[in-house]
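Reading through the structure tokens given below for one structure.
Side-chain atoms are counted along with the backbone in the values below, which use heavy atoms only and exclude waters and symmetry mates. Read the numbers this way: they start at 1 and go in the same order the structure lists the ligands and their atoms.
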Amino acid sequence: MDCAARGGGGDAGEQQPEMAACAGNRLDLPVVELASPDLGAAAESVRKACVESGFFYVVNHGVEEGLLEKVFVESRRFFELPMEEKMALLRNSNHRGYTPPYAEKLDPSSKFEGDLKESFYIGPIGDEGLHNDANQWPSEVHLPSWKDTIKMYHATALATGKRILSLIALSLNLNTEFFENIGAFICPSAFLRLLHYPAEVDKSDDGNYGASAHSDYGMITLLATDGTPGLQICREKDRHPQLWEDVHHIDGALIVNIGDLLERSTVHRVVAVGKERYSVAFFLDPNPDLVVRCLESCSSETCPPSKPLSWPEPRLLCFDTWQSSSKNVNLQILFPKHAEEQLYMFKQGIYTSSVTV
Ligand SMILES: O=C(O)CCC(=O)C(=O)O
Ligand SMILES: [Fe+2]
């Protein structure tokens, strides 16, 4: 079972006055060294990043630069195909495939028809021998090396994502194997999403976003960009006016952000910068039958834990339809600073797809 709409789409939700980051107000997000033998220091820096902004960079992350370059080449090749060829791979009921411009509106309150981006989703890659790969793949005649490159990146990003989650576990004084041990990775919902943002926009799209404000709803997202600016975060979404800060590009680094499932997601968006932009997002979420609840060590009287949640069937999870906590597989999560928001994603119904195609 896969998740419904990817990305997010519930939280930011407001067309309020806002400030862009002032020039010179450089956002210095932590850079985490993933190959460091000093796991304690790396975990501490992850913890600081998660508590303070929910966004950080990782370097020495195990993704070869050459592989990433190939992914961007293949991505460009796909998005340059004629629209009818892309539409032939339109996102299917398993949420794999192509979404054209305007197909998604990550911020449901946006006054525009949809976001400017187009994208392509690749879900968990099955063993073809077992016929369980629900992905759609472009024709090998047109794009002969596409599938192998994308599969390679999916596997590499999954390994990197698991390493980051082991540091997150450590940062919470848990065993590095915590997520592995509770079964979060038995069959993880690992979705790769290729994204393409147009350079030119029609007059009617003045003020529209490449990707409107949202938070990602899963555990962590690994983001690679082609270096073109546009990504912004809002660290305090309830502040008025909102302050949006640019996440700048660091050569060779991946951008990591934590999602709603870790209770400390950060609202972000991609603004149109008058230049074409490519990015590749990898969403690492646990296997679908995991029960989610707050870690005891992250709760207190003032920060009571939420009741356990099944993942990712939130449509069933209104306040009055709690699942029992009796399952022994529990993903118990974190960062109590935002415990009061534990349920906001469900209240907002962000799993209800905002896809209009
Ligand atoms: O393209 C980007 O930089 C961000 C994409 C994103 O936030 C998403 O797809 O959830
Ligand atoms: Fe996102």
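The neighbour count for Lys162 NZ, taken as heavy atoms of other residues, nucleotides or ligands under 6.0 Å away, is above 12.
Interatomic distance, CZ of Phe120 versus CD of Gln136, reported as 6.0 Å (0.5 Å rounding). Here CG of Leu243 is found 8.0 Å from CD of Glu236. Values are rounded to the nearest 0.5 Å.
Residue His214 places a heavy atom under 4.0 Å from ligand 1.
In this structure, Arg269 is positioned above the aromatic face of Trp244, its NZ or CZ under 6.0 Å from the six-membered ring centre and within 45° of the axis.
Distances from atom 9 (O) of ligand 1 to the heavy atoms of His249, Arg269, Arg193 show the closest one on Arg193.
The atoms of ligand 1 that sit less than 4.0 Å from any heavy atom of Val270 are 1 (O), 2 (C), 3 (O), 4 (C). Close contacts between ligand 1 and Leu195 involve ligand atoms 1 (O), 5 (C), 9 (O) [criterion: under 4.0 Å to a heavy atom]. Short contacts between ligand 1 and His268, defined as distances under 4.0 Å to a heavy atom of the residue, involve ligand atoms 7 (O). Taking every non-hydrogen atom of Arg277 and a distance limit under 4.0 Å, the qualifying atoms of ligand 1 come out as 1 (O), 2 (C), 3 (O).
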For the pair His249 and Asp226, evaluate side chain to side chain donor-acceptor pair (under 3.5 Å) and give the outcome as yes or no after the intermediate values. CA-CA 8 Å; His249 175 78; Asp226 64 358; over 6 Å; no

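Aromatic ring centres of His268 and Phe55 lie closer together than 6.0 Å.
The residue from Arg76, Glu276, Lys117, Glu80 that alone fulfils the side chain to side chain donor-acceptor pair (under 3.5 Å) condition with His196 is Glu276.
Proximity of Leu223 to ligand 1, defined as any heavy-atom pair under 4.0 Å, is confined to the side chain (atoms from C-beta onward). Of the heavy atoms in Thr221, none comes closer than 4.0 Å to ligand 1.
Here the angle at the Fe ion (ligand 2) defined by NE2 in His268 and OD1 in Asp216 stands at 100°, rounded to 10 degrees.
On a distance-only criterion, Tyr197 and ligand 1 share at least one N/O pair closer than 3.5 Å.
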